[in-house]
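Residue numbers begin at 1 in each chain, while the letters A, B, ... track the order of the sequences. Because the structure is predicted, anything quoted here is derived from the model rather than measured.
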Protein chains: 2
Amino acid sequence: MNDQAALRCCPAPNEAPDLQPVEGGQADAELAALAKAIAHPARVQIVRILVRKTSCVCGDIVDEMPLAQSTVSQHLKTLKEAGLIRGEIDGPRVCYCIEPRALRRLKALVGGL
Amino acid sequence: MNDQAALRCCPAPNEAPDLQPVEGGQADAELAALAKAIAHPARVQIVRILVRKTSCVCGDIVDEMPLAQSTVSQHLKTLKEAGLIRGEIDGPRVCYCIEPRALRRLKALVGGL
DNA sequence: GTCGTTCATCGTAGATACACGATTGGTTCC
DNA sequence: GGAACCAATCGTGTATCTACGATGAACGAC
């Protein structure tokens, strides 16, 4: 079973067309929050890992980074609270993946500068 | 005299073609540093102000923001240290403006995610 | 049930960030 | 030489970030 566990958590295509303003006080706060989420090299690295691998994996993230497990977990929490990633419990392990909508939003806001 | 002071500090066209990697440990650190620079609503607002007005003005920035002069100056310093803006002394006042190259770099790095 | 695995959370310590008022430095004008 | 203005810096207090080891909670395997 779960011969394709990689596909179980991440899909969520989200077909809504992202029609939100890219400037104004609201957008400033939104951009600042998203920027803060990637304002640390370790978190940038995590985002890259999750973008590359369509699959998720969590413990593997810890293995790829020179940080303690608790520290990585903290960075994951930061990213999750910013809405950039999503985590789903899959048996004993947790499956993390990018939230494509938030990443698109970040790109739109930066592009709007 | 300086009937077009607005044009004095900002130009610096910078025709080099921005050929730098958008991933790797080096790029991670670079993106994190640039993201940190805009990881505060006040700094996002400052960047927007400087992008909109081709002209520079500094005291006007303070007037447009609900913060003390010293606080704004601190944010300007943060942005300057990140390379996102530039400041030139113009008589009694200081002329700030966007560093287009750094802004392009930020967009490229975020776009590369 | 017990064990081992996996991840989150807690507690701690040191470093940075954020905001402000007060002070200093530099320039222009009289 | 002042006086006035603009902006940077200093000094302060509070809050948040970053990292770690230790502890806790949830699950599968036995």
Side-chain angles (χ1 to χ4, degrees), chain A residues 1-3 5-6 8-9 28-29 31-47 49-50 55-82 84-97, chain B residues 1-3 5-6 8-9 28-29 31-47 49-50 55-82 84-97:
Chain A
M1 64 298 282
N2 71 1
D3 49 331
R8 190 115 54 79
C9 124
D28 285 0
L31 174 51
L34 287 171
K36 183 180 257 185
I38 59 166
H40 191 286
R43 291 197 291 272
V44 173
Q45 194 180 347
I46 291 173
V47 169
I49 289 172
L50 293 179
S55 99
C56 309
V57 288
C58 166
D60 296 356
I61 297 175
V62 176
D63 294 342
E64 292 197 41
M65 309 194 54
L67 293 173
Q69 175 264 326
S70 57
T71 305
V72 173
S73 189
Q74 218 169 233
H75 284 305
L76 288 168
K77 184 181 180 185
T78 300
L79 288 168
K80 191 159 59 176
E81 283 174 351
L84 267 175
I85 67 175
R86 194 157 29 106
E88 273 184 25
I89 298 172
D90 175 23
R93 66 200 73 213
V94 176
C95 171
Y96 279 101
C97 41
Chain B
M1 61 309 282
N2 68 2
D3 49 332
R8 191 112 57 79
C9 123
D28 286 0
L31 173 51
L34 287 170
K36 183 180 257 184
I38 59 166
H40 192 287
R43 290 196 292 269
V44 173
Q45 193 180 346
I46 291 174
V47 168
I49 290 171
L50 292 180
S55 100
C56 310
V57 287
C58 166
D60 296 357
I61 297 175
V62 176
D63 294 341
E64 291 196 41
M65 310 196 51
L67 293 173
Q69 176 263 325
S70 56
T71 305
V72 173
S73 189
Q74 215 169 235
H75 285 305
L76 288 168
K77 185 181 180 185
T78 300
L79 288 168
K80 191 160 56 174
E81 283 174 349
L84 268 173
I85 69 175
R86 194 157 29 108
E88 274 185 26
I89 298 172
D90 176 23
R93 65 200 73 211
V94 175
C95 172
Y96 278 102
C97 41

Ignoring hydrogens and geometry beyond distance, is the side chain of A:Gln74 in donor-acceptor contact with the base of D:dA19 at under 3.5 Å?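 Indeed, a donor on one side and an acceptor on the other fall under 3.5 Å apart.
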
Would you mind classifying the nucleic acid contact of B:Leu67 as base, sugar-phosphate or nothing, using non-hydrogen atoms under 4.0 angstrom? sugar-phosphate

Return the nearest nucleotide to the side chain of B:Tyr96; candidates are D:dA8, D:dT18, C:dA19. D:dA8

Residue A:Val94, side-chain heavy atoms: nucleotide from C:dT28, C:dC7, C:dA19 that is nearest: C:dC7

I need the [atom1]-[atom2] distance between [X] and [N], as an integer number of Å.
X	N	atom1	atom2	result
A:Glu81	D:dC17	CD	C1'	13 Å
A:Leu76	D:dA19	CG	P	13 Å
A:Gln69	C:dA8	CD	P	7 Å
B:Ile89	D:dT9	CD1	P	10 Å
A:Arg86	C:dC7	CZ	P	17 Å
B:Met65	D:dA7	CE	C1'	16 Å
B:Glu88	D:dA7	CD	C1'	16 Å
A:Ile38	D:dT18	CD1	C1'	18 Å

Whichever of A:Arg43 and A:Gly91 has its nearest DNA chain D nucleotide further upstream toward 5': A:Arg43

Using every non-hydrogen atom in the two residues, find where A:Gly87 and A:Lys80 come nearest and quote the distance to one decimal.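 Reported closest heavy-atom pair: N-CD, 4.2 Å.
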
Can you name the closest pair of heavy atoms from A:Val62 and A:Gln69 and give their distance?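 So the minimum-distance heavy-atom pair works out to CG1-CA, 4.0 Å.
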
Look up atom CG in B:Leu67 and atom OG in B:Ser73, then write down how far apart they are to the nearest 0.5 Å.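 These two atoms lie 12.0 Å from each other.
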
Has [X] got a side-chain N or O lying under 4.0 Å from the OP1 or OP2 atom of [N]?
X	N	result
A:His75	D:dA19	yes
A:His40	D:dA19	yes
B:Ser73	D:dA8	yes
B:Ser70	C:dG21	no

Among A:Leu34, A:Asp28, A:Leu31, find the residue that satisfies the side chain to side chain contact (heavy atoms under 4.5 Å, CB included) test when tested with B:Ile38. A:Leu31

Under 3.5 Å donor-acceptor, A:Arg43 side chain and A:Ala37 backbone: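 Side chain of A:Arg43 to backbone of A:Ala37: a pair is present.
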
Taking for A:Asp60 and for A:Lys36 the nucleotide of DNA chain C with the nearest heavy atom, the one nearer the 5' end belongs to A:Asp60

